[in-house]
Protein chains: 2
Amino acid sequence: MVRRSATGRIGIADVAVKAGVSHATVSRVMNGNFTVDPDIASRVRAAAAELKYQPNPVGRSLALGKTDTIGIVVPDLANPTFQAILRGLSRAAAQDGYRVLIADSFEVSSEETILAGEARRRCDGLVLCAPRMSDAELEEIAPSLRPLVLINRTTAAADVPSLVVDYGQGVQDLAEHLVDLGHTRLAFLAGPPRSASNGMRLQGLEAFKAAHPHVDVRMLEGGSDFDTGHEAVDAVLESGATGILAFNDLVAMGLMSGLHERGLDVPGDISVTGFDDIPFARYTTPALTTAAVPITELGEQAWHQLRALIRKEDNDAPGSRYQPRLQVRASSGPAKAPRSTVHG
Amino acid sequence: MVRRSATGRIGIADVAVKAGVSHATVSRVMNGNFTVDPDIASRVRAAAAELKYQPNPVGRSLALGKTDTIGIVVPDLANPTFQAILRGLSRAAAQDGYRVLIADSFEVSSEETILAGEARRRCDGLVLCAPRMSDAELEEIAPSLRPLVLINRTTAAADVPSLVVDYGQGVQDLAEHLVDLGHTRLAFLAGPPRSASNGMRLQGLEAFKAAHPHVDVRMLEGGSDFDTGHEAVDAVLESGATGILAFNDLVAMGLMSGLHERGLDVPGDISVTGFDDIPFARYTTPALTTAAVPITELGEQAWHQLRALIRKEDNDAPGSRYQPRLQVRASSGPAKAPRSTVHG
DNA sequence: CCTGCCTAAGAAAGCGTTTTCTCAGGTCGC
DNA sequence: GCGACCTGAGAAAACGCTTTCTTAGGCAGG
């Protein structure tokens with residue numbers, strides 16, 4: 001006959017009664033404390049096994065002041081980039097016995113702040129991907145979220161490592177690649193206006209323009225998903241550009257699909273590049289030229305940084321900067337003779 | 001001067017001292033209990049605001065016996081299907097103030113059991129996607145995991161709703177579609193051998209074969225990712241089939257990519273269909289014919305079912321069955337004159 | 001043989017809340 | 001004007017665990 005505590009689940013008290021010892025002793029046994037007589041210990045273990053006792057993590061968390069859980073705030077769980085970060089993070093954390101709590105802010109920057117705070121309180125640390133949050137707000141809340149690791153953002157707050165991808169360099173590499181292929185009219189299909197990583201790309205393009213005054217680089221408004229690319233076909237054609245730098249692989253895929261529907265050939269008529277090198281990029285037709293970001297590894301690194309913070313280790317590498325690697329595939333090719341713009 | 005409790009964070013006791021009341025009163029105010037004098041209440045609120053007090057969720061969870069968190073166990077976070085379920089679940093749960101804890105079993109079925117138990121203990125309920133777990137094991141652990149919602153599995157345990165997609169019907173619809181296009185030699189590029197959803201597809205194909213004795217349906221070994229499809233090109237060509245039913249969209253994309261590399265035309269030479277209708281399916285070249293599963297909605301429904309269980313509502317709809325919808329796009333077309341097999 | 005130390009296990013405090021219990025003070029009715 | 005009822009707030013218990021504190025008992029040394 002199994003006794004059940006108030007909550008209906010088996011608790012440490014039940015095991016204590018069954019083994020004829022105090023619940024303190026049960027706790028000691030369960031935690032591998034060796035100051036317990038071996039006979040009693042095995043009696044306790046037998047009782048625990050028979051009752052299928054498993055310590056309540058909430059009670060444990062309260063007593064120990066830790067939850068063995070970390071949180072991650074992402075702006076959009078539908079975005080493969082954040083999925084990959086989540087995967088890398090989850091996997092690395094799991095290896096150290098930590099679980100991951102997710103908070104999806106659905107691109108609403110005001111939510112990011114609240115969610116981050118809530119998630120942090122439930123966890124031992126936080127990974128924050130908040131591309132829309134203002135610098136001022138980030139500065140303000142960062143200290144209260146520690147242990148904290150930032151992705152693609154930086155802060156002046158101490159002990160807050162940042163993992164940032166050098167999108168500026170990556171987009172320059174892509175642009176160089178297109179120029180090497182003979183393209184002189186490029187267009188950048190931008191990301192969400194207030195996105196931090198979009199800002200980095202724009203900076204990179206400014207540097208590129210300064211270094212290549214003879215290359216025409218148009219800026220086109222955009223977004224971060226398929227539809228953005230798909231709907232941008234007209235704007236792209238109007239621009240007269242022969243080399244298109246899409247904000248990311250998703251946008252590039254949407255664009256290629258749209259161009260295909262118009263009967264245009266990639267890369268015959270227009271070269272298209274993406275960014276991120278998501279797994280799908282290899283399998284588009286034509287396969288997508290892009291800048292590869294070791295994004296899963298980034299999630300993994302985020303955990304290592306966070307772990308160091310949680311363990312209060314001296315973190316010799318407070319954050320790092322990732323260089324995208326140019327990944328040339330079939331979607332980019334030699335420029336054909338300059339086309340005239342479709343309109344005018 | 002801000003007092004700090006033992007853990008270094010501001011607690012209810014600090015607010016109580018600052019407002020000159022007992023911590024019980026602070027708790028009452030924070031929880032909107034109206035049996036508190038308005039003057040005192042506002043004094044408490046002022047103190048809480050000034051100290052930026054936020055209740056500790058762990059303490060709260062222990063007292064209330066609930067965590068406002070649900071868990072989800074998935075076999076592979078890299079799989080778009082589970083990403084979509086996660087997204088739908090997370091979003092729906094968030095609207096009711098619940099967070100989601102993820103547990104990735106990395107396709108290891110023995111992990112599924114342990115992870116499920118651990119996750120469940122930290123949460124108020126669990127959504128379980130465990131395609132590899134044996135029926136016996138599922139039967140055994142299901143009761144202890146309640147409140148529990150199963151995805152693509154069923155159990156005899158009471159009060160355990162199942163959300164299952166009718167993969168059998170879906171694959172039949174796809175096969176019918178190919179036959180309608182004139183294909184008489186089909187091949188099924190199977191999924192992971194022990195996967196439950198693969199089993200459902202196989203059953204569906206048996207039914208199809210019984211109904212269409214004149215159609216040749218080959219079974220090819222496979223898996224669930226890009227590489228599976230990509231590496232299956234040889235086997236597909238050897239089969240002599242002109243209509244290929246890929247296990248899912250990923251496999252189909254890998255296959256199309258491989259066929260493209262061999263200079264074969266889809267659907268001119270071979271028609272290819274996927275399954276799931278992941279967002280990418282619209283944007284492949286050619287766009288992928290597939291069976292659309294409202295997978296995000298499934299995640300959402302999982303939450304609604306789980307919520308009913310958590311609230312102990314009478315659940316009038318204990319689980320449901322989803323019918324995939326045939327989504328015809330450009331990757332399937334009329335069969336050309338029967339080819340001879342490449343070898344022999 | 002008694003004192004002092006050490007070991008091992010129980011008692012109790014603490015983690016941060018919520019909630020029941022208790023009680024002081026006020027109000028109403030008779 | 002006094003007892004019964006009600007209101008509102010503090011005291012304390014409870015949630016389930018870990019860990020410190022305490023103490024009983026065994027053993028060795030003087």
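Numbers restart at 1 for each chain; the letters A, B, ... are given by sequence-line order, proteins then strands. Please read all numbers here as calculations on a predicted model, not as lab measurements. The analysis underlying the following values was restricted to heavy atoms, covering all of them including side chains, and did not include hydrogens, waters or symmetry mates.
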Modelled atom types, side-chain donor and acceptor of Asp124(B) and Thr67(B), under 3.5 Å
yes
Residue mapping more 5' on DNA chain D - nearest nucleotide basis, Leu64(B) or Asp37(B)
Asp37(B)
Under 3.5 Å, is there a donor on one side chain and an acceptor on the other for Arg60(B) and Asn31(B)?
yes
Would you mind reading off the distance between Ile40(B) atom CD1 and dT7(D) atom P, rounded to a whole angstrom?
16 Å
Between C1' of dC15(C) and CZ of Arg60(B), the distance in whole Å
17 Å
So Val58(B), base contact, sugar-phosphate only, or nothing? Heavy-atom distance under 4.0 Å.
nothing
Any Tyr53(B) side-chain N or O less than 4.0 Å from OP1/OP2 of dT17(C):
yes
Is the shortest heavy-atom distance from the side chain of Ile12(B) to the side chain of Pro55(B) under 4.5 Å?
no
Rounded to the Å, how far apart are Asn33(A) CG and dT19(D) P?
9 Å
To the nearest angstrom, how far is Met30(B) atom CE from dA9(D) atom P?
17 Å
For Thr35(B), which contact category applies under a 4.0 Å heavy-atom criterion: base, sugar-phosphate, or nothing?
sugar-phosphate
Of the listed nucleotides (dA9(C), dA11(C), dT19(C)), which one gets closest to any side-chain atom of Ala24(B)?
dT19(C)
Whole angstrom value for the distance that separates P of dT20(D) from CG of Asn31(A)
12 Å
Whether Thr25(B) contacts dG10(D) is assessed here as follows: a side-chain N or O lying under 4.0 Å from the phosphate OP1 or OP2. Is that the case?
yes
Quick check on DNA chain C: between Arg28(B) and Ala63(B), whose nearest nucleotide comes earlier from the 5' end?
Ala63(B)
Would you mind classifying the nucleic acid contact of Ser27(B) as base, sugar-phosphate or nothing, using non-hydrogen atoms under 4.0 angstrom?
base
Whole-Å distance separating the NZ atom of Lys66(A) from the P atom of dC17(D):
16 Å
Do Arg87(B) and Asp76(A) sit within salt-bridge range, that is, some charged N less than 4.0 Å from a carboxylate O?
no
For Arg122(A) and dG16(C), what is the distance between atoms CZ and P respectively, to the nearest whole Å?
16 Å
Which part of the nucleic acid, if any, lies within reach of Phe34(B) when heavy atoms closer than 4.0 Å are counted: base, sugar-phosphate only, or nothing?
nothing
Round to a whole Å and report the spacing from NE2 of His23(A) to C1' of dG14(C).
11 Å
Minimum-distance nucleotide (side-chain atoms of Leu62(A) versus dC15(C), dT19(D), dT20(C)):
dC15(C)
On the ring face of Phe106(B), is Arg91(A) found with NZ or CZ under 6.0 Å from the centre and within 45° of the axis?
yes
